[in-house]
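Below is one structure; the comments refer to it alone.
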Amino acid sequence: MSEAATPTVTASPGLLASLDPLLREWLPRQRWFAGKGRPVTGFSLVAATELLPSPRLPAPLGQGGAPVSRLGLYHLLVRAHQPLVPAPGAPEQPGDCYQLLIGVREALPPRLAPALIGHVTEGPLAGRTVYDALYDARPAEVLLEALRTRARIGRLRFERETDQEIRTGLVPRLMTAEQSNSSVVYGDTFILKLLRRIVPGVNPDLELPLALARAGCPRVPAPTAWMTADLAGRPWVLGVLQPYVQGATDGWELALRELAKGEDFAAEARALGRATAEVHTALARALPTVTLGHSQLRQLVEGMVERLEAAVQAVPVLRPYAPGLRSAFTALDDLAAEGHTWTAQRVHGDLHLGQCLRSPSGEWSLIDFEGEPARPLAERRMPQPPVRDIAGMLRSFDYAAHSAESPVPGWAETCRAAYCSGYAEVSGRDPRTDPVMLRAYETDKAIYEVVYEARHRPDWLPVPLSAVRRLATAGV
Ligand SMILES: Nc1ncnc2c1ncn2[C@@H]1O[C@H](COP(=O)(O)OP(=O)(O)O)[C@@H](O)[C@H]1O
Ligand SMILES: O=P(O)(O)O[C@H]1O[C@H](CO)[C@@H](O[C@H]2O[C@H](CO)[C@@H](O)[C@H](O)[C@H]2O)[C@H](O)[C@H]1O
């Protein structure tokens, strides 16, 4: 029986207490930590699974003189407690749940220095060093082996599509790019995305690619296997394994490369429009669609107005544009009041150039169907007008044009037109024939981007702000 398939204990008394002070320091420094700006004041354990038993001190010899494993491995789901606001004495509450893979060693070899969480001084792991085990080959192999063998370990469930095989001996490497989650590439054959912030229920990052692949849509890397936790009778999606598109370039990189050469991007933008329409058409066939009448539209518009108001509070530079931006939303409500209806369906939910991969043979795939992670899961899984994704891509062309070292006049406009034409060729619907909905979603996205940039990349703030200026006056 492989180590990964060995049934193990699902909790180790005192484990979390001994890690607590180290995690309080380490967790907020991670790129994927969603509660930035507020301290972590404690943790509660959602689930703990021992995947490899921890080394004993001093490291003993096993039977026949063979050394016993020097690596322990825990899979943890922990809820971080944080104050509601970053003020001293503010009431705290259990917040987001995070997935951690904790490696335990007596000492960390230098190659694992970037993975260090800290040295444990108390409790069952006292005297050992703990670290983010995804940086280490052996723990990453344990996960792949569990997926390959469809293991069940404690509450962890490793599933695989019945017609998909995973061969052994694939060498893992952690992707080090700054991301919302953590991904490990295995021998350039598979990529395992481990979700970091975990929510109960079906996650669209598995649900949608699986539905698309099963419907025969070739525009997504088809999930090969996935990992869930069975908690309180519900599956919590923890990770998805997909084929790795070797030599792929993402749309953002490609667009910037073409811009630097002064080239237009129309042919690729058209292909991206076609790919988006293929995905939308397949999603509309595979999953429910609904008709949005006035009352549903009103709710949608109210959501947009609320986000605008919250954004104005968070980023006051938006204030002078608020009336113009609001008019983009009320125009939509007016159209609905006249009896206009729209079809809503499952969509990508956070589409931009960085979410599109082009293979060396020129085929486009869409990835990362998680939606906007900050929004509640139920909202992310609701049918929505497909124009939402289109607006996301149009914003992305605008971002690329603004990021060019030497601007190419008309570049974004050409991309927009080509993308919409490509979309119309496949779907039969040109998004430009629905300008009120398009403006409303572009406005909503630009406002989101203003908040995102103010929080994460203040140097980029002028990019969405220039769109805000344009969109605030577009209806006047
Ligand atoms: N199937 C794939 N083949 C090749 N590279 C991929 C694949 N899926 C994701 N990637 C790479 O991994 C990066 C992160 O993936 P993504 O799903 O966007 O994760 P995150 O939610 O962490 O941002 C992508 O930008 C892309 O470079
Ligand atoms: O990468 P995520 O899916 O987590 O998305 C977040 O980060 C994106 C930036 O990395 C941000 O996208 C914005 O910047 C992009 C260029 O870097 C641009 O192509 C997008 O159009 C623009 O929205 C995204 O908004 C945010 O959710």
Side-chain angles (χ1 to χ4, degrees), residues 30-34 99 134 173-197 203-206 208-209 213 218-224 237 239-256 259 265 272 348-360 363-375 380 388-404 412 415-416 419 441-442 444-457 459-465 467:
Q30 304 313 300
R31 154 75 160 92
W32 39 264
F33 178 65
Q99 172 171 216
L134 279 181
R173 73 178 154 86
L174 179 67
M175 285 188 68
T176 46
E178 291 275 285
Q179 286 171 23
S180 310
N181 297 287
S182 296
S183 297
V184 180
V185 177
Y186 292 92
D188 278 2
T189 304
F190 292 111
I191 179 166
L192 173 63
K193 171 166 162 178
L194 281 182
L195 300 173
R196 287 300 196 162
R197 202 167 65 90
N203 191 303
D205 218 3
L206 172 61
L208 297 187
R219 295 286 154 238
V220 288
T224 306
V237 176
V240 183
L241 185 81
Q242 298 176 345
Y244 182 70
V245 184
Q246 285 183 31
T249 317
D250 75 48
W252 176 253
E253 256 176 78
L254 204 64
L256 290 192
L259 262 164
F265 194 61
L272 277 168
H348 181 284
D350 191 18
L351 196 59
H352 55 80
L353 281 164
Q355 313 282 36
C356 308
L357 292 184
R358 201 188 72 151
S359 72
E363 296 291 319
W364 284 101
S365 315
L366 307 193
I367 57 166
D368 198 1
F369 284 76
E370 208 183 353
E372 277 175 26
R375 297 222 190 153
R380 288 191 258 148
R388 176 174 177 169
D389 284 346
I390 293 158
M393 285 298 290
L394 299 186
R395 290 290 314 118
S396 220
F397 295 130
D398 190 51
Y399 256 77
H402 277 84
S403 308
C415 287
R416 291 168 71 96
Y419 180 78
Y441 267 113
E442 269 197 84
D444 191 43
K445 181 76 185 187
I447 292 166
Y448 165 86
E449 288 167 342
V450 166
V451 178
Y452 178 87
E453 303 301 1
R455 210 169 268 164
H456 298 280
R457 309 186 294 191
D459 290 354
W460 289 63
L461 196 51
V463 179
L465 272 182

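Being a predicted model, the structure only gives us computed values, none of them experimental. Atoms within a ligand are numbered from 1 in the order they appear, just like the ligands themselves.
Rounding to the nearest 0.5 Å gives a distance of 6.0 Å between OH of Y399 and CZ of R395.
Between V184 and M175, every side-chain heavy-atom pair lies at or beyond the 4.5 Å cut-off.
For the pair R173 and D188, the salt-bridge criterion is met [side-chain N within less than 4.0 Å of a carboxylate O]. Under 4.0 Å is where a charged nitrogen must lie from a carboxylate oxygen, and between D389 and K445 no such pair does.
Atoms of ligand 2 lying under 4.0 Å from any heavy atom of D350, numbered from 1 in the order shown and given with element: 3 (O), 5 (O), 27 (O). Against a heavy-atom cut-off of under 4.0 Å, S180 is close to the following atoms of ligand 2: 4 (O). The atoms of ligand 2 that sit less than 4.0 Å from any heavy atom of Y448 are 25 (O), 26 (C), 27 (O). Taking a cut-off of under 4.0 Å to the non-hydrogen atoms of D368, the atoms of ligand 2 that pass are 3 (O).
Evaluated by nearest non-hydrogen atom to atom 11 (C) of ligand 2, the leading choice among F397, Y399, Y452, W252 is Y452. Atom 5 (N) of ligand 1 has its nearest heavy-atom neighbour, among F190, W252, Y244, in Y244. One option in A400, S403, S396 has a heavy atom closer to atom 21 (O) of ligand 2 than any other, and that option is S396. Counting heavy atoms only, P243 comes closest to atom 1 (N) of ligand 1 of the residues P223, C356, P243. Around atom 14 (O) of ligand 2, the closest heavy atom drawn from R457, H352, E449 belongs to R457.
Contacts of Q246 with ligand 1, taken as heavy-atom pairs under 4.0 Å, are absent altogether. Contacts between I191 and ligand 1, counted as non-hydrogen atom pairs separated by less than 4.0 Å, involve the side chain only. Residue-level proximity to ligand 1 for P221 is carried by the side chain, the only part with a heavy atom below 4.0 angstrom. For N181, heavy-atom contacts with ligand 1 shorter than 4.0 Å involve the backbone as well as the side chain. At a heavy-atom distance under 4.0 Å, only side-chain atoms of L357, from C-beta outward, approach ligand 1. Counting heavy atoms under 4.0 Å from ligand 1, residue S365 does not touch it at all. Contact annotation for Q355 and ligand 2: only side-chain heavy atoms (C-beta onward) come within less than 4.0 Å of the ligand.
Taking only nitrogen or oxygen atoms, main chain and side chain alike, D368 reaches within less than 3.5 Å of ligand 1.
Ring pair H456/Y452 is tilted by interplanar angle, where 30° to 60° counts as tilted. Classification of the W252-W460 ring pair by plane angle, with boundaries at 30° and 60°, yields tilted. Ring orientation note: the planes of F369 and H348 are tilted relative to one another, at an angle of 30° to 60°.
Ligand 2 lies out of reach of G354, whose nearest heavy atom is not under 4.0 Å from it. Judged by the shortest distance from any of its heavy atoms, S180 lies inside the 4.0 Å radius around the atoms of ligand 1.
Here the side chain of R380 pairs a donor or acceptor atom with the backbone of R375 at under 3.5 angstrom.
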